[in-house]
Number of protein chains: 2
Amino acid sequence: MSMAEPDPRPQRDATRTRAAILHAAQQAFSAKGYTDTGVRDITAAAGVNPALVSRYFGSKEKLYEAALSQLLNAELVLGFPRARFGEAVVRMLLAPAPQQRNPLPMMLLASADPTARAITERLLTELFLEPMARWYGPERGAEKAACFSLLASGLTLYRQIYPLAALEGGLSDETRGWLAGAFQSLID
Amino acid sequence: MSMAEPDPRPQRDATRTRAAILHAAQQAFSAKGYTDTGVRDITAAAGVNPALVSRYFGSKEKLYEAALSQLLNAELVLGFPRARFGEAVVRMLLAPAPQQRNPLPMMLLASADPTARAITERLLTELFLEPMARWYGPERGAEKAACFSLLASGLTLYRQIYPLAALEGGLSDETRGWLAGAFQSLID
DNA sequence: ATGATATGTATACCGCTGTTTACTTAAGGG
DNA sequence: CCCTTAAGTAAACAGCGGTATACATATCAT
């Protein structure tokens, strides 16, 4: 057997610790929501001390804001080809492991607490809805972006929060087509 | 001025008190969700003592179950005419005061707490999705019911939880038509 | 009227939560 | 090598949560 390689990394690394907290927070908030996730849950998963949340983020609330804003990013969706937009979106949302780096569960589960809801609403508007409205164009862009979010959030709700067997793996081609058509018809 | 009519009702009325708690619970759970609604909030709104929740419902959890199951009812939607189903649903969901006796906000906000989520999932399936799947018919009825809920929940999410100006009153005829068409195309 | 019971009240308990404080220890430049 | 500073720790605080307990009082049959 081999001797353990001496790790050149210092045992104390502020940036690494901060990132570990942020990652654990994203996982926990996406699984149990804002209120039902305790600071001690997050720090235990990250393997650090609970007091470090206050040190690195100021408060649980600020940590939530940092965690969500890192996840909310319109670029991925906005890069899909317009001609096959519906198909691409449905393929993404129906991917086998969609919970990875997806801000939607976090948003849905954070909607209960008023503080987290206000933060979520602001970030969602600034980082997603407004860019997407511009992408759709001047003609009812905001309404189209809202309808897009409505579809995507509803689908995520019944795939990850209240998982329905009807929307799992063996989804029929007809229903996939209905979903893709709904997304696509926002463009055409 | 007139003398106050002597109220023939007794000051202590168990059924009336129980109903007051149930109603206050529906309002509070629909506004702040399961975790962020305290038993003391509910009983204060109902004007009764906090201990009465345990007496009449056993626990906060049972109260939530009673509150939601009274609201979850597929009959209204299932009575709409099939030919103009999409229009009727959109008119209902876009009504000026939709928060009255609408189970959707309560469901959306309760999705954070694992206990409440489990209760909600069970009631939603038994009281809504299964009847609706039968209503749609044997051909992909469950998938259609899921798509219906997906649309309705998404729309409610961005009308009541994260209220978007784009979905408020002055919604364009085109977008209304898109919504109605999405609902209708689940039937045709 | 009177006692039994249903109804409602006051209060305390215990566990959990976010945050602060004072302290300990590792890191790295002089 | 040492000593200043950054990084991390341990413990406690203050408040709130759901619930159980012991108590008070209105209601109704007898």
Side-chain angles (χ1 to χ4, degrees), chain A residues 6-25 28-29 31-68 109-110 112-119, chain B residues 6-25 28-29 31-68 109-110 112-119:
Chain A
D7 193 340
R9 277 202 306 266
Q11 304 173 4
R12 294 185 170 184
D13 185 335
T15 40
R16 186 172 302 269
T17 301
R18 212 191 107 106
I21 294 174
L22 197 64
H23 183 254
F29 285 143
K32 300 194 303 176
Y34 182 80
T35 307
D36 288 301
T37 296
V39 169
R40 288 169 177 83
D41 298 337
I42 297 171
T43 54
V48 303
N49 189 280
L52 295 185
V53 164
S54 291
R55 174 188 292 279
Y56 288 119
F57 296 92
S59 65
K60 179 190 176 185
E61 188 181 323
K62 300 267 193 61
L63 170 59
Y64 174 80
E65 179 171 356
L68 180 59
L109 292 175
D113 182 82
T115 315
R117 197 193 314 186
I119 294 172
Chain B
D7 193 340
R9 277 201 307 262
Q11 302 172 4
R12 293 184 171 184
D13 185 335
T15 43
R16 185 172 302 268
T17 302
R18 213 192 106 106
I21 294 174
L22 196 64
H23 183 253
F29 285 143
K32 300 194 304 177
Y34 181 79
T35 307
D36 288 301
T37 296
V39 169
R40 289 170 177 85
D41 298 337
I42 297 171
T43 54
V48 303
N49 190 280
L52 295 185
V53 164
S54 290
R55 175 188 293 280
Y56 287 117
F57 296 91
S59 66
K60 179 189 176 185
E61 187 181 323
K62 301 265 192 65
L63 170 59
Y64 174 79
E65 179 171 355
L68 180 59
L109 292 175
D113 182 83
T115 315
R117 198 192 314 185
I119 294 171

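What you are looking at is a predicted structure, and each value in this text was computed from that prediction instead of being measured. Each chain gets a letter, A, B and so on, in the order the sequences are listed, and its residues count up from 1.
The distance between atom NZ of A/Lys60 and atom P of D/dC16, rounded to the nearest whole Å, is 16 Å. Rounded to an integer number of Å, the gap from CG of A/Leu52 to C1' of C/dT24 is 14 Å. In this structure, A/Asp113 atom CG and C/dT17 atom P are separated by 14 Å, rounded to whole Å. Distance, A/Arg40 CZ to C/dG18 P: 7 Å, rounded to whole Å. If you take CG of B/Asn49 and C1' of D/dA20, they are 12 Å apart, rounded to a whole angstrom. The distance between atom NZ of A/Lys32 and atom P of C/dC16, rounded to the nearest whole Å, is 12 Å. With rounding to whole Å, B/Arg16 atom CZ is found 19 Å from D/dA26 atom P. With rounding to whole Å, A/Ile42 atom CD1 is found 14 Å from C/dT19 atom C1'.
Using a distance-only test at 3.5 Å, with no hydrogens or angles considered, no donor-acceptor pair links the side chain of B/Thr35 to the main chain of A/Asp36.
Residue whose closest nucleotide on DNA chain C sits further toward the 5' end, between A/Asp36 and A/Ser54: A/Asp36. Comparing A/Tyr34 and B/Thr15 by the nucleotide of DNA chain C whose heavy atom lies nearest to each, the residue mapping closer to the 5' end is B/Thr15. For the pair A/Ala51 and B/Pro50, both in contact range of DNA chain D, the more 5′-proximal nearest nucleotide belongs to A/Ala51.
Residue A/Tyr56 is classed as a sugar-phosphate contact, given heavy-atom separations below 4.0 Å to backbone atoms only. Residue contacts shown for B/Thr37 are limited to sugar-phosphate atoms, with no base heavy atom under 4.0 Å away.
Candidate nucleotides D/dG8, D/dA24, C/dG18 were compared by shortest atom distance to the side chain of B/Arg12, and D/dA24 ranks first. For A/Arg55, the side-chain atoms get nearest to D/dA7 when compared with the rest of D/dA7, C/dG18, D/dT19.
Both the sub-6.0 Å distance and the 45° axial angle are not jointly satisfied by A/Lys62 relative to the ring of A/Tyr56.
Closest heavy-atom contact between B/Leu52 and B/Val48: CD1-CB, 3.9 Å.
Residues B/Thr43 and B/Asn49 fail the side-chain proximity criterion, which asks for heavy atoms closer than 4.5 Å.
Between B/Phe29 and B/Tyr34, the ring planes are parallel. Angles under 30° get that label, and only those over 60° would be called perpendicular.
The side chain of A/Thr17 places an N or O atom within less than 4.0 Å of a non-bridging phosphate oxygen (OP1 or OP2) of D/dG8.
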